[in-house]
Structures are given as C-alpha cells and as structure tokens.
**Q** 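Got a structure for you, questions after.
Throughout, protein chains are lettered first and strands after them, A, B, ... in sequence-line order, and every chain is numbered starting at 1. Below, each value reflects all heavy atoms present in this structure, side chains not excepted, and no hydrogens, waters or symmetry copies.
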Amino acid sequence: MKIAKVIVDVPANQTDRYFDYLVPEEWMEEDFLQPGMRVVVPFGPRKIQGFIMGISEHTDVKKLKCLDSVLDITPVLTPELLELGIWLRETTLCFLITAYQAMLPAAMKVKYEKEFHIRNSKEIILWKDIENDKKLLPSIQKEIKNGNIEVIYRVKDRAKKKRVKTIQPAIPKEELIEVYNSLATTAMKQKEVIKHFIEQPQKIELQVLLEDLSTTSSPITTLVKKGILLEHYDEVYRDPYEHRSFKRTEPLPLTEEQRNAITPILDTIENKQHAVFLMYGVTGSGKTEIYLQAIDKVLKQGKEAIMLVPEISLTPMMVDRFKGRFGDEVAVMHSGLSTGEKYDEWRKVQRKEVRVVVGARSAIFAPFENLGIIIIDEEHETSYKQEENPRYHARDVAIKRGANHNCPVILGSATPSLESFARAQKNVYQLLTLKGRINARSLPSVEIVDMREELRRGNRSMFSEVLLEKVKDRLEKGEQSVLFLNRRGFSTFVMCRNCGYVLNCPHCDISLTYHKRDYKLKCHYCSYEEALPSTCPECNSEHIRFFGTGTQKVEEELAKILPEARVIRMDVDTTSRKGAHEKLLHAFGQKQADILLGTQMIAKGLDFPDVTFVGVLTADTMLHIPDFRSSEKTFQLLTQVSGRAGRHHLPGEVVIQTYSPEHFSIELAAVPDYETYYCREMLLRKNFHYPPFYYLALITISHPELPKVVDITEKISKFITAKLSNKAIVLGPVASPIPRIKDRYRYQCMIKYKDEPNLGKSLQTLLHHYQQEMSRSELQISIDMNPYMMM
DNA sequence: AGCACGCCGACT
DNA sequence: GTCGGCGTGCTC
C-alpha cells in the first residue's frame, strides 16, 4: 500500500498540513508519482488541486480516499523548490499552498467548476450560469434531494499548450503523382494541393498552406479522408519575441576596474562557492557587461543563471542585450506577457531548453536545478518585495537559493539599499566598487532650485525660471527634455475656498484626485469615482479650487506656456493599455516629442541620446510620506533621474525644484555622494531603531467597525509585548497612515527587534487564535515580516 | 474555502 | 409542531 502526502489548495490555517491519500494500483509503479506533481484529490464533497509532498508506506488515517488524477507527468516543483516553500512559510508566515502557487505561472493554478447533471439525460447545467438565478436555485436543490440531479465538481487545468495543425503527405512522391493524374479536372483545388506536396513534400502549417494556395480547408479535409494527406497537431510556443531578430553581440573588453570586480565573482563560480557580492557602481560604469560575462562563464560550466530586473526596466532594450548575447538560451518573464506566454516561457525552463532567465520578481522561482549564478540588478528597488502573501523579498529568496546551489549571488546598484551596504561594510557581503563611468563621460551638472525663493520673487507657477529657460533652450536646439513629477492625475486634492471643505473618498480616509481627461474625481485606493461638483457640497459656494500638482496639470500648463512643444505624458493612466508603455518610449526615442513628462516609471533604464536636460518638478513629494525609508527613496530616485541626462555625446544638465533644498537626501543626490548619504542616514536609523539596526514586523488589523479594530489591536500589542524580551520595541496600537480603505478601519502594531527567536512562533499563535474570527467575521490581520509599505 | 451538522426563533 | 437562520467544526 502506498500513501501520498498531499498539500491541498485550500489556503486556511486548518488545512495547512499534509492530507493522506491512497495511491491507485495503476500508479503504484516505482517512481511514477513524485513529489512536486500536481494532483486532483477528493476533499469533502468536492474535488480540488493538490501538490504531492512525498510518498510513504504508512498512515495514521483510517478511512483513506484515493487520489483522483494527476495533472503532470513531470513534477512542476523541484525538490529544492518544495523545500524553499517550507522556508517561505516559516519566514513570511504564509500557508504552504500560497508559497507554492507563487512559484508557478498563473496558468498552473486550476479553475474549479460545479456542474449539475440531470439523471437519465445528457443535459448539463453549469453553476456559473445559474448561480444568480434566484428562481432556479430552490428547484435544483429539491431535485438534488430527490436524486434526480447529481452535483459534479470539475477541476480544470488552464495550462493549455498552444497547438497548430500541420499537414504532410501520407504517401510517397510517386503515388502522389499517380493520384494527381487520376483526379478529375473538376477537383482543381485538390490537384493544386497535391502538386504542392509533389514539389515540397515536407510538413507545413495548415494556415500557411491555405494562404499559399489561397483556398479553404475543404479540399484538404477530403484528401485527409482519402488517406493521401496526414494531419497532425504540433505543439508550439507562444513566442513574444517571434518577429524580432537579435543582433549577436560579443563580450566587450573590460576596463581595469571591471576586471577587478569580475575576478572574485569568476573565482567563486570556478570553485562552486556560495557568496554574496554587492556591486556598487555608478550609472554607466558597465555593470551589465560584468553580468553578461559572469553568466557566460556559468553557461560554459553547463549551469544556469537567473537575472532579476525591476519590472519597469524590463524594456525591449534590456531584453535585446541578453538575447543578443545568449540568443535562444534566454527566457523572459514579466507581467507584460499573457498568461499563455508566461506559461510557455516557464516551460522552456522546465524542459531545460533555456539556461538563462531574465525576469521580474517572481522569476526568482525559475525551476532550474543546476543554478550557477543569481543576479539582482537595481538591488535597492522596492518592487522586489511582494506586497501580498507570501510577502517575500526576492533578495532573501535569491540568497537562500544561492546557498542551496552553492553559487554566487550578485546584488548590483548605483545606490544600494542601506541594508545591503551595511552588510557589505560588515563583510557579510563582498563589496565590489565601480567608480568610473565608461568612456569617462562626465556626470551632468545639477542645480537645486528653492521654490520658496521663487514664490517670494512672485513666481507662482510650478516651473522655476531656470527650469523653463532650460526647456526653452533645448527646444530651440532640437534637443530633448525629461520632466519628472511623482504624482499622477491633475490635482492632489480639491478644496472649497469658501468653507475649507476638502472632497474625500466616501470609502477611504483619503482626498480625491481630479482627473481632467474625464472630468472625474477619483480615489487612488479604491475604484471610487464621481463627477466633479460645480458647487461645494457643504456650503454651495462656487469657489471650488484644485490644489497640488499632478502630471495632467503640468501637461496643460506646458501647453499654455510652450504651445509649440510636443509633449508625451507617461503615467499609470496613459500606459495601462498593453504595449502602451513601449509605444510611448519608442515615439520619444524617434524624436516625435520634445518633452517626456512622467512619474516614477520614466526614471529607470531610459537611455535617449538626445536628452540633455532633466527637470524634477517637486523633489519633496516623496520625502513627506510617513515611511522611514522616504529619505532613502528620495535620494535613490533623484540620483537615478539625474543620471538620465547627457549620457552620450551631449553634456547634460539637471534642475531639481524643491521646498526643502537643505534636506541632506536632496543635497547629496545632487552631488551625488552616496557614501556621505549612507553615513548620515545610518545615524538616523540607529537613533530611531530602524533597519538595518533593527528588524521590523508590521501587523495590520482591519475591520468595518472602528471600536473592534482598536480593541483587537490593543489585545495583540499586549500579547506580543508579553511574549518578547524587553529589548524588543512594540509600537501600537496606532491608526495606519491611511486609517480607512474601502470602508475598513485600519490599525497597526509595529515590532522592532534584534534577536527574538520566539517571535515567529508567537505571531503564529496569534494568527491561530484569531483564525475563526478572521474566516467568519470581517476581521483581517496581515503580518509583514519585513515591511516596505507602511500605509 | 466550502459544506454539513446542529441548535434556537417565527411561522403554517 | 416544523422551516430555516447562521454559529461550529471538518475535510485524508
């Protein structure tokens, strides 16, 4: 008797364990069922998906059920990934099933369907077709009771392989000629088809054949029926880069600095050692070439490589670079691909058809079994942290996998996160420094403009004199400018000048943003929107005014002041459509516009030769959000944005507008001086007990009723305080920075700690204690073991 | 998560 | 007396 240990697809505390199933006779054969395969199992009255965790001879369970079916012939999770899931459960406090689902492309998560089968009839009623039909439900229920209708639970695998129909001759050439001659002249099309195959007997895609002969499929079908032609379905990959060719590139000669940096990396590859390198190199210092050459070495060893980049910089330029060097060895994984395309790229990895993956966060789970290197570019980017369960940081997973495979992990950045740089200082990571820019390009000159001074001088617009002058200058010279503003929409809030009433979202404690394009007020946290009122809802005054500046408003102002300038605006609102992002960038690259105006998303990876001016409209928007990393983010963003100007033959200039020019994150980004910034910021972190001096855990409690939230948060804070040593700091209960979202009140409790071996267990107990209230009432408790979003 | 079981109120 | 509300517990 063989027993399969299965993790079922029910993300709940009570089901976060193995369930035992009997292995049917047919699959008893040695090694057929393997850990990591997806199976369908009966669970209560329904059927659900599960993962095999192991096969055993023993069980303590008396009434065993049988495995229903297998969804995979080859395991989709390797033994290493199965173990990695267990590690994720411990470190991020998620359910095991949630960890495994996060490792696989969405197409591998099955869909459930409920069907009603009417006895003695072939008719099938789908649940989704009738679930909203109130009249039908009672009668169906009655018939189920009477035994006339049977309920069937169906598990649907969405992992559909794309297939194309192909045609080839079923008989040799001589016989084809015979058939050709014997066919009546009325069968013109059939004769044409046969003629084609006499000339070109090889297999051809049906679609292509039909186009070539400009006919329909009917003559083909006839010939197939006669046994003259053979049809077949061939599996093909949905290749997102099908219509593009990549120019093969050769390794570039390295500078002395690059050689110094790559040597220790190549050594660890050679010696099959695990080590973490922090490659700290300014923009343009040639980090990518080092990545490419290190990967090349790994491939020559017959091993595999994962290269992570932030979603936003996974541009065609980036892909070109990797496909150019490694050709078909590369799979690309990012959110711009369709579900099917993602599945196909993943399968190329699983089938060992590629040995390099370039992708965003989740590509860290690529199912390689012989990893030789993991690289994380722009290591400081917060998009490497997943903000839903499992709340993992790709950097942590990378280091864990690097240790599993005994291979190096490289973290690269021009502005490393304080956490990583501090570890490098303590020699936990090996620091590799690249100071020089390739071709000795000089850094752009940066000027900080005090907007308070502008105001005093009577300039009430959003553009300082200097900035406007420089944009005009570029316009005249036919060069391009980039303007950066980290706020979308038109205005940040709308207020009545008469009574001071601010228009807020009725469901969230946040002001509504005006979007001029559709004359609507929108909430950026829930999907609420309303028409702009013409009078104040409070006092009926007509003096409603917009405050704060968004990208839409800047666009409008630009049109007024510089009507001749062609502007491209890039933010979530203009790039939400698939491919829009690339299209806009391409247009700007082709010089179809003079000014690129955008949010965050334009800060990364853009490399346009004719951009010689970059303007940051308000450097402080980020500085004042309630997050201890706000200064770090500001510094990183400003450094990065400034690096965009004048990267080629033309010298660059940068203007940073701000209301707090004396803030060190702005001053030092202008130089730029990372090391000084690092020291100053570390002092603050130390004084206020923040990372990297302390670890953080954030518990967020939400419920539709305020008193309930306060009460529970209070209890939780007390419980946790009691469980931890007196060296840990527990803050809370306090209201979240946004105290209400989607009609739910939100409170939080923050834990700062250095060494608390019992913390994980205590938090687990806590979740356990509230699990019933969480599944039955409106209570939600989320725990983030390393928060990057405090909101 | 679903779903069944079971214990109390408002009805034919 | 029963129908049906949803609190409680289980799923190999």
**Q** With sequence neighbours excluded, what pairs up with A/Tyr112 under the ring pair (Phe, Tyr, Trp, His ring centres under 6.0 Å) test?
**A**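 By the ring pair (Phe, Tyr, Trp, His ring centres under 6.0 Å) rule, A/Tyr112 matches no residue at all.
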**Q** Show every donor-acceptor pair shorter than 3.5 Å between a side-chain atom in residues 357-364 of chain A and any protein atom, with sequence neighbours excluded, or say none if there are none.
**A**
from	atom 1	to	atom 2	distance (Å)
A/Arg361	NH1	A/Ser383	O	2.8
A/Arg361	NH1	A/Lys385	O	3.2

**Q** When you measure from the centre of the six-membered ring of A/Tyr694, is the NZ or CZ of A/Lys754 under 6.0 Å away and within 45° of the axis?
**A**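 Judged by the rule, A/Lys754 and A/Tyr694 form a cation-pi pair.
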**Q** Of all residues at least two apart in sequence or in a different chain, which pass the side-chain hydrogen bond (donor to acceptor under 3.5 Å, both in side chains) check with A/Glu705?
**A** none
**Q** Base, sugar-phosphate, or nothing: which does A/Tyr112 touch, judged by heavy atoms less than 4.0 Å apart?
**A**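 Answer is nothing: A/Tyr112 stays at 4.0 Å or more from every strand.
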**Q** With sequence neighbours excluded, what pairs up with A/Asp518 under the salt bridge (Lys or Arg N to Asp or Glu O under 4.0 Å) test?
**A**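 Partners of A/Asp518 under the salt bridge (Lys or Arg N to Asp or Glu O under 4.0 Å) test: A/Lys522.
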**Q** Please list, chain by chain and in numerical order, all residues satisfying ring pair (Phe, Tyr, Trp, His ring centres under 6.0 Å) with A/His768, sequence neighbours excluded.
**A**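 A/His768: no ring pair (Phe, Tyr, Trp, His ring centres under 6.0 Å) contacts found.
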**Q** Under the ring-ring contact (aromatic ring centres under 6.0 Å, His included) rule, what pairs show up with a residue in residues 40-73 of chain A, not counting sequence neighbours?
**A** A/Phe19-A/Phe43, A/Phe51-A/Tyr100
**Q** Identify whether any heavy atom of A/Lys114 sits under 4.0 Å from a base atom; if not, whether one sits that close to sugar-phosphate; answer base, sugar-phosphate or nothing.
**A**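 Sugar-phosphate contact only - A/Lys114 comes under 4.0 Å of backbone atoms but never of a base.
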**Q** Donor-acceptor pairs are to be reported for all side-chain atoms of residues 712-719 of chain A against protein atoms at under 3.5 Å, with residues two or more places apart or in another chain.
**A**
from	atom 1	to	atom 2	distance (Å)
A/Thr713	OG1	A/Val709	O	2.6
A/Lys715	NZ	A/Asp711	OD2	3.1
A/Ser717	OG	A/Thr713	O	2.9

**Q** For every nucleotide of nucleotides 6-12 of chain C, 5' to 3': is a protein heavy atom under 4.0 Å from its base (B), only from its sugar-phosphate (S), or from neither (-)?
**A** --BBBBB
**Q** Below 4.0 Å from chain A heavy atoms, what is the first contacting nucleotide of DNA chain B and what is the last?
**A** B/dA1 to B/dC3
